[in-house]
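Remember, it's 1-based here, ligands and their atoms both numbered in the order they're listed. Since we're looking at a predicted model, the values are computed, not measured.
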Amino acid sequence: MQLCVLESCAEVASKAADHIQQAISEKPDSILGLATGSTPIDTYKEIIGRYEQGKIDFSQVRTFNLDEYYGLAADHPQSYHTFMHQQLFQHINVPRERIHIPSGTPIHVQEYCRSYEQFITDCGGIDLQLLGIGSNGHIGFNEPSDQLSADTHLVRLSEATIEANARFFERKEEVPQYAITMGMGTILSAKKILLLALGIEKAEIIRKLFDTGVTTDIPASFLRLHPNVIVLVDREAGSQLVGNIKEFC
Ligand code: F6R
């Protein structure tokens, strides 16, 4: 994993946007894996700005989102469908039919998950996967557990994740308890992975990511097995990093 500690959240967004812009300029039909949550919001703002300046063209790009709350319809105000349209898709020229977000209301869940997974493979796999990280080390909604699932699956959210995501809902009881998420294998199959972390509440998990081994207690630690992972953190998220971890910026 290559680490890059940047001064501010704005610098992380700008650097992340550089990677996305570069991927699309090298391969205009790039397949992007996208995340929701607060972390990528400024990165999305940055790439919207670059699109408006004519620097990025999304017309051939295809996107696959990591996850969606199970039980929320696409038009629910807190669904990840709504989030992605508001934060990114309605502002750029990615064709609607090339946008893929897991359904939160599939009728046959297992069959649906298999088809989402298969479609990613059929499209040639993800070129660049953008990730945030939960304070408990989850990526997508692959929560710490004795075992992790390889493929897209239905998962029960941990109490910590429900607690953390309650800020987006009026009441904690409204946070769905389940989600559909890409699995660890789906994520690790991406050709390149960009993990972003912002703020002091991510400092401890970022330290653990670099100073513990690969463990299902910290799903993000599996990223250490991937040959092309770039971790971009702001000064606060990087504040507990110790020792001589080499930085690449
Ligand atoms: C979102 C996702 C999650 C978030 C993580 C961090 O699609 O997959 O893993 O990246 O929960 O969330 P924020 O960015 O809100 O701290």
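- Note that CZ of Arg224 and CE of Met1 are 5.0 Å apart. Values are rounded to the nearest 0.5 Å.
- Shortest contact from atom 1 (C) of ligand 1 to any protein heavy atom: Thr36 OG1, 3.1 Å.
- Scanning the protein heavy atoms around atom 3 (C) of ligand 1, the nearest turns out to be Gly140 O, 3.6 Å.
- The ligand atoms of ligand 1 that sit less than 4.0 angstrom from a heavy atom of Gly37 are 14 (O), 15 (O).
- Here the heavy atom of the protein found nearest to atom 10 (O) of ligand 1 is Gly132 CA, 3.3 Å.
- In terms of protein heavy-atom proximity, atom 5 (C) of ligand 1 is nearest to His138 NE2, 3.3 Å.
- Of the candidates Arg62, Lys192, Lys191, Asp127 forms a salt bridge (Lys or Arg N to Asp or Glu O under 4.0 Å) with just one, namely Lys191.
- For ligand 1, the atoms closer than 4.0 angstrom to any heavy atom of Leu66 are 8 (O).
- Counting protein heavy atoms only, atom 6 (C) of ligand 1 is closest to Ile133 O, 3.4 Å.
- Residue Arg167 touches ligand 1 through its side chain alone, judged by heavy-atom distances below 4.0 Å.
- Atom 14 (O) of ligand 1 has its closest protein heavy atom at Thr39 OG1, 2.4 Å.
- Ligand 1 places these atoms under 4.0 Å from at least one heavy atom of Asp67: 1 (C), 2 (C), 7 (O), 8 (O).
- The protein heavy-atom contact nearest to atom 16 (O) of ligand 1 is Lys202 NZ, 2.6 Å.
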